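The model shown is predicted, which means the values in this text are computed figures rather than measured ones. Each chain gets a letter, A, B and so on, in the order its sequence line appears, and its residues count up from 1.
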Amino acid sequence: MLQLQVIRDKKDALIIALKKRNIDASPLLENVLQLDEKRRTTQSKLDNTLAESNKLSKEIGMLFKSGKAQEANILKEKTAGLKEDSKRLGDELNATAEELKSVLYQIPNIPNDLVPAGNTEDDNEEVYKEGDIPTLDTDALPHWELAKKYDIIDFELGVKITGAGFPVYKGKGARLQRALIAYFLDKNTEAGYSEIQVPHLVNEASGYGTGQLPDKEGQMYHVGADDLYLIPTAEVPVTNIFRNVILNESDFPICYTGYTPCFRREAGSYGAHVRGLNRLHQFDKVEIVRVEHPSSSYAALDGMVEHVKTILRELKLPYRILRLCGGDLGFTAAMTYDFEVFSTAQDRWLEISSVSNFEAYQANRLKLRFKDEKGKNQLAHTLNGSSLALPRVLAGILENYQTSEGIKVPEVLIPYCGFDIIN
RNA sequence: GGAGAAAUGGCAGAGUGGUCGAAUGCGGCAGUCUUGAAAACUGUUGAGGGUCACACCUCCGGGGGUUCGAAUCCCUCUUUCUCCGCCA
């Protein structure tokens with residue numbers, strides 16, 4: 001959520017910046033300012049009424065104490081009208097505040113200056129590319145065929161147990177999956193991220209805190225009986241650790257890494273492009289989350305990007321990095337870098353990581369602040385990224401490492417797997 | 001799941017209808033003293049709204065109610081603790 005003060009101060013600049021997302025924010029922002037104005041006048045009317053009623057109450061108290069019940073009762077009558085007024089003004093204030101909040105929730109984050117304009121993923125800007133795309137035999141298979149051939153992932157079994165998009169990993173497939181998780185976590189902790197295990201279900205307040213609610217309500221699985229949501233990413237529980245927290249400057253930087261399964265309804269996406277591991281309802285992911293001082297959040301973002309690079313370099317997977325354009329940028333992000341690995345047999349790029357700076361947008365919802373050197377509370381910046389999302393990394397490994405003898409295991413993973421080929 | 005107790009500032013812990021945003025202790029910060037540090041002493045120390053700045057308003061787990069007036073009384077939800085039951 002954007003800060004009211006920022007909207008008040010720089011409305012026109014915000015409208016221009018939000019054009020990159022192809023939205024005309026001016027009606028929304030106007031509405032915000034109008035509601036804010038109304039909120040403040042109502043608030044001040046209410047405050048005055050309450051002040052008067054507080055004053056009378058004190059007088060009544062003193063009169064009763066000094067035995068002047070008669071006079072006190074006269075004053076009591078005067079308070080009746082004030083009570084009605086404050087009730088009415090209070091209701092009005094609440095309604096206005098609610099309305100204001102709901103409009104604020106509809107405004108996405110302001111894209112960073114570096115974010116290119118554009119509508120679709122075709123307008124994303126490739127900023128980096130590394131690794132050689134292997135030349136495969138003509139009979140090379142896509143990963144879902146390989147999974148079947150070597151019996152390491154069973155999609156049909158998942159359909160039987162749960163439904164489409166819930167694969168079952170078997171034997172060396174399961175072991176490879178576990179190896180990847182352990183390897184990612186080790187790399188992250190070596191880089192200074194502390195490992196953490198968090199709940200896989202979150203409450204409504206957490207959903208609002210990181211911005212999944214109300215914007216992406218339909219993307220999360222909701223457990224009605226307990227009113228909880230299955231997490232779509234570890235970002236939600238990990239970042240919400242800091243909801244309603246006031247940090248000291250010396251606490252920065254805060255770096256966490258956690259492995260969790262992720263659950264996404266993916267309503268409306270069907271077809272060939274979601275085959276195999278390309279898009280699932282349940283998948284595993286290792287996430288990195290940082291909380292930073294505003295002055296260093298972009299350095300932190302760069303650091304996260306460099307870190308993810310080292311992992312892909314070690315896995316020897318061909319990848320590229322895109323800076324997302326305004327139209328493709330997530331609702332809450334100010335800037336995002338997507339990592340894509342080349343899936344050779346499918347001849348397409350697969351997104352395997354998304355690293356974002358949310359600046360103060362999430363912090364404003366979370367009320368995540370720190371005391372600056374002047375002792376004033378300021379909003380912190382939050383960031384997160386995948387390091388990495390498992391299924392598509394697995395798809396990339398299976399396809400790019402396939403040989404006529406079987407699928408070779410990337411060297412760095414051999415110690416984690418205990419085998420060097422899947423055949 | 002059943003029975004009972006509780007929830008107050010960074011922490012501990014007073015406060016059962018009026019001047020309580022809240023005693024006291026610890027911790028934090030600043031100062032005095034000291035070559036420096038410790039100790040001691042002095043002062044200061046929650047958040048939000050509002051204002052040029054004050055004033056003023058709100059917040060004692062969340063929500064609602066009673067009352068001229070609620071941290072204090074009532075209802076409700078949540079959480080924690082104790083006992084019982086169940087259980088990986």
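- Distance CZ (R39(A)) to P (G49(B)): 8 Å, rounded to an integer number of Å.
- Nucleotides A38(B) and C74(B) place their P atoms 49 Å apart, quoted to the nearest Å.
- Applying the 4.0 Å criterion to OP1 and OP2 of G46(B), one finds that K376(A) has every side-chain N and O outside that range.
- With both pairing distances under 3.5 Å, G46(B) is matched to C59(B) as a Watson-Crick or G-U wobble pair.
- Toward the 5' end of RNA chain B, the nearer of the two residues S44(A) and T79(A), judged by each one's closest nucleotide, is S44(A).
- When the P atom is used for both C73(B) and U82(B), the distance is 25 Å, rounded to whole Å.
- We find that R392(A) and E340(A) are not joined by a salt bridge, their nearest charged nitrogen and carboxylate oxygen being 4.0 Å or further apart.
- A22(B): no Watson-Crick or G-U partner with both key distances under 3.5 Å is found in any strand.
- A12(B) sits 37 Å from U51(B) when the P atoms are compared, rounded to a whole Å.
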Polar atom pairs between nucleotides 54-57 of chain B and protein, under 3.5 Å, N or O only, would you list them?
residue : atom : partner : partner atom : Å
C57(B)  : OP1  : N54(A)  : ND2          : 3.1
C57(B)  : O2'  : D47(A)  : OD1          : 2.8

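- Between F370(A) and H293(A), the two ring planes are tilted [angle within 30° to 60°].
- The base-pairing partner of A7(B), taking Watson-Crick or G-U wobble contacts with both distances under 3.5 Å, is U78(B).
- Look at CD on Q3(A): it is 12 Å from P on G48(B), rounded to the nearest Å.
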Report, one pair per line, the protein and nucleotides 59-61 of chain B atoms (nitrogen or oxygen only) whose separation is under 3.5 Å.
none

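- Residues N109(A) and E359(A) bring no donor and acceptor atom of their side chains to less than 3.5 Å of each other.
- Look at the P atom in both U16(B) and C86(B): the space between them is 42 Å, to the nearest Å.
- Of the candidates G46(B), G48(B), C68(B), the closest approach to any side-chain atom of K83(A) belongs to C68(B).
- One P atom belongs to C41(B), the other to A47(B), and the distance between them is 27 Å to the nearest Å.
- Put simply, NZ on K371(A) is 12 Å from C1' on G9(B), counting in whole angstrom units.
- Minimum atom distance to the side chain of K87(A) is reached by G65(B), of the listed G50(B), G65(B), G69(B).
- Among residues two or more places apart in sequence or in another chain, the side chain to side chain donor-acceptor pair (under 3.5 Å) test is passed with S296(A) by E292(A).
- Shown here are the ring-ring contact (aromatic ring centres under 6.0 Å, His included) partners of Y208(A), two or more places apart in sequence or in another chain: Y105(A).
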Report, one line per pair, each donor and acceptor closer than 3.5 Å where one atom sits in a side chain of residues 91-102 of chain A; sequence neighbours left out.
residue : atom : partner : partner atom : Å
T96(A)  : OG1  : E92(A)  : O            : 2.8
S102(A) : OG   : E99(A)  : O            : 3.0

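- If you check A88(B) for Watson-Crick or wobble pairing at under 3.5 angstrom, you find it has no partner at all.
- When the C1' atom is compared between G1(B) and G85(B), the two are found 7 Å apart, to the nearest whole Å.
- Remark: A39(B) base-pairs with no nucleotide; criterion is Watson-Crick or G-U wobble with both hydrogen-bond distances under 3.5 Å.
- Only the P atoms considered, C77(B) is 23 Å distant from A71(B), to the nearest whole Å.
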Which side-chain N or O atoms in residues 54-62 of chain A pair as donor and acceptor under 3.5 Å with protein atoms at least two apart or in another chain?
residue : atom : partner : partner atom : Å
N54(A)  : ND2  : L50(A)  : O            : 3.4
S57(A)  : OG   : S53(A)  : O            : 3.0

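- Distance CD (Q5(A)) to C1' (G50(B)): 12 Å, rounded to an integer number of Å.
- When both pairing distances are held under 3.5 Å, C52(B) makes no Watson-Crick or G-U pair with any nucleotide shown.
- Take Y337(A) and apply the ring-ring contact (aromatic ring centres under 6.0 Å, His included) test, not counting sequence neighbours, and it matches no residue.
- C11(B) and A5(B) have their P atoms separated by 26 Å, with the value rounded to a whole Å.
- For K19(A), the side chain to side chain contact (heavy atoms under 4.5 Å, CB included) criterion is met by I15(A), not counting sequence neighbours.
- Between R369(A) atom CZ and G10(B) atom P the separation is 11 Å, expressed in whole Å.
- The shortest distance between the side-chain N/O atoms of N73(A) and the OP1/OP2 oxygens of C68(B) is not below 4.0 Å.
- For residues 184-207 of chain A, every residue pair satisfying the side chain to side chain donor-acceptor pair (under 3.5 Å) rule, not counting sequence neighbours, is listed here: D186(A)-Y416(A), K187(A)-E314(A), N188(A)-T257(A), N188(A)-H307(A), N188(A)-S387(A), Y193(A)-R290(A), N203(A)-S206(A), S206(A)-R243(A).
- To the nearest angstrom, C1' of G62(B) lies 13 Å from CG of N203(A).
- In this view, E77(A) satisfies the side chain to side chain contact (heavy atoms under 4.5 Å, CB included) rule with no residue, not counting sequence neighbours.
- Between the side chains of E235(A) and T210(A), no donor-acceptor pair of N or O atoms lies under 3.5 Å.
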In 5'-to-3' order, the base (B), backbone-only (S) or no-contact (-) status of each nucleotide in nucleotides 16-22 of chain B, using a 4.0 angstrom heavy-atom cut-off, is --BB---

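- We find that CD of E77(A) is positioned 16 Å from C1' of G69(B), with the value rounded to whole Å.
- The interatomic distance linking N244(A) (CG) with G62(B) (P) rounds to 11 Å, in whole Å.
- Using modelled atom types and a 3.5 Å distance limit, the side chains of Y221(A) and H281(A) yield a donor-acceptor pair.
- For R369(A), there are no side chain to side chain donor-acceptor pair (under 3.5 Å) partners at least two apart in sequence or on another chain.
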